[in-house]
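Keep in mind it's a predicted model, so treat the numbers as computed, not measured. Scope of the values below: all heavy atoms of this structure, side chains included, with no hydrogens, waters or symmetry mates.
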Amino acid sequence: MDINIIIIFLRNIPTWAVILPTILCSIILLAVAIERLLFFRKIDLDYSSLIMKDELVLNPITEIIINSRQHIGKTSGGYINIIFLYSEKAIRQIEKYIGVVSTIATIAPMIGLLGTVTGFMKSFHALATEKGASGMLAAGITEALVTTAIGLFVAIPAIIFHNYLVSKSTYFIKEVEYVANYLSEENK
């Protein structure tokens, strides 16, 4: 394969083709962040009401207790299986979207780097052809810097939010495991 074909292809990638996926990543990140923050807030509120024995609203932790206690009277082995079934379901709900945020945190700077490469290729092509070199050089460098900045603008909050999600998820998973172990020991 001729290297010139690759150079022509990369040089002709429009700026919007690099910026659009990054903007899409930021929209997805914002939607996931809102959903997860509301989800974790609901668990915090419901878990405190569980401790105070007020009226319960179902969430992953209270659902384990309510649904598993409905099966009292069954054999203890089956009851324990039900507890762990609901525990696994709760853990899946808690860990939801962590992979999405991790992927966005990983690919956003890569997309920005792609824009950097295409921008510099346009700049060097302008220098090589010497037709309107100063304008094309400036446009290529601007494209490189803008796409890099946008990629980092999305990636940095995504990394921070990913670490928050992992921390919160770890805390609530430990709580789910504690409740499941307590209920299974209580009913042996």
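Shown here for Ala108 and Val154, the closest heavy-atom pair between the two residues is CB-CG1, 3.8 Å. Closest approach of Ile159 to Ala105, counting heavy atoms only: CG1-CB, 3.6 Å.
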Point to revise | Chi angles and distances behind the side-chain contact (heavy atoms from CB on, under 4.5 Å) call for Arg36, Lys168 | key: CA-CA 10 Å; Arg36 291 283 86 188; Lys168 279 297 242 191; over 6 Å; no
Exercise for review: Evaluate the criterion side-chain contact (heavy atoms from CB on, under 4.5 Å) for residue pair Lys89 and Val176; output intermediate values, then yes/no.
Suggested key: CA-CA 10 Å; Lys89 180 182 174 191; Val176 166; over 6 Å; no
Exercise for review: Verify side-chain contact (heavy atoms from CB on, under 4.5 Å) between Ile111 and Thr147, making sure each step is shown before the conclusion.
Suggested key: CA-CA 8 Å; Ile111 295 171; Thr147 55; over 6 Å; no
**Study point:** Glu88 and Arg92: CA distance, side-chain angles, deciding distance, side-chain contact (heavy atoms from CB on, under 4.5 Å) verdict
**Key:** CA-CA 6 Å; Glu88 287 298 317; Arg92 282 192 303 273; 3.9 Å; yes
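In this model, a donor atom of one side chain and an acceptor atom of the other lie less than 3.5 Å apart for Glu143 and Thr118.
Placement of Ile94 and Leu37 within a single hydrophobic cluster is found when ILVMFWY residues are connected by side-chain heavy-atom separations under 4.5 Å, directly or transitively. Tyr171 is connected to Ile98 through a chain of hydrophobic side-chain contacts under 4.5 Å among Ile, Leu, Val, Met, Phe, Trp and Tyr, so both are in one cluster. Using a 4.5 Å cut-off between side-chain heavy atoms of Ile, Leu, Val, Met, Phe, Trp and Tyr, with links allowed through other members, Val100 and Phe172 fall into the same hydrophobic cluster. Val32 and Phe153 end up in different hydrophobic clusters when Ile, Leu, Val, Met, Phe, Trp and Tyr side chains are linked at under 4.5 Å. Leu145 and Phe124 fall within the same hydrophobic cluster, defined by Ile, Leu, Val, Met, Phe, Trp and Tyr side-chain heavy atoms under 4.5 Å apart, directly or through other members.
Test Pro21, Cys25, Ser102 against Ile107 for side chain to side chain contact (heavy atoms under 4.5 Å, CB included) and you get one pass: Cys25.
Residues Ile13 and Val18 form a side-chain contact, since some pair of their non-hydrogen atoms from C-beta on lies under 4.5 Å apart. Between Met110 and Leu114, the closest side-chain pair of non-hydrogen atoms is not below 4.5 Å. By the 4.5 Å heavy-atom criterion applied to side chains, Asn181 and Phe84 are counted as neighbours.
The structure places CD1 of Ile104 at 10.0 Å from CZ of Phe161, a figure rounded to the nearest 0.5 Å. Glu35 contributes atom CD, which lies 12.5 Å from atom CG of Leu30 (distance to the nearest 0.5 angstrom). Within the model, atoms CD1 of Ile5 and CG of Leu10 stand 12.0 Å from one another, a figure rounded to the nearest 0.5 Å. Between atom CG of residue Leu20 and atom OG1 of residue Thr15 there is a gap of 12.0 Å, rounded to the nearest 0.5 Å. Separating the CG atom in Leu165 from the OH atom in Tyr97 is a distance of 11.5 Å, to the nearest 0.5 Å. One distance of note links NZ of Lys122 with OG1 of Thr142; it measures 11.5 Å at 0.5 Å rounding.
Ser87 contributes no side-chain N or O that, together with a main-chain N or O of Glu177, makes up a donor-acceptor pair within less than 3.5 Å. Ser26 places a side-chain N or O within 3.5 Å of a backbone atom of Ile23 that can act as its donor or acceptor partner.
Ring planes of Phe40 and Tyr164: perpendicular class, angle over 60° (limits at 30 and 60°).
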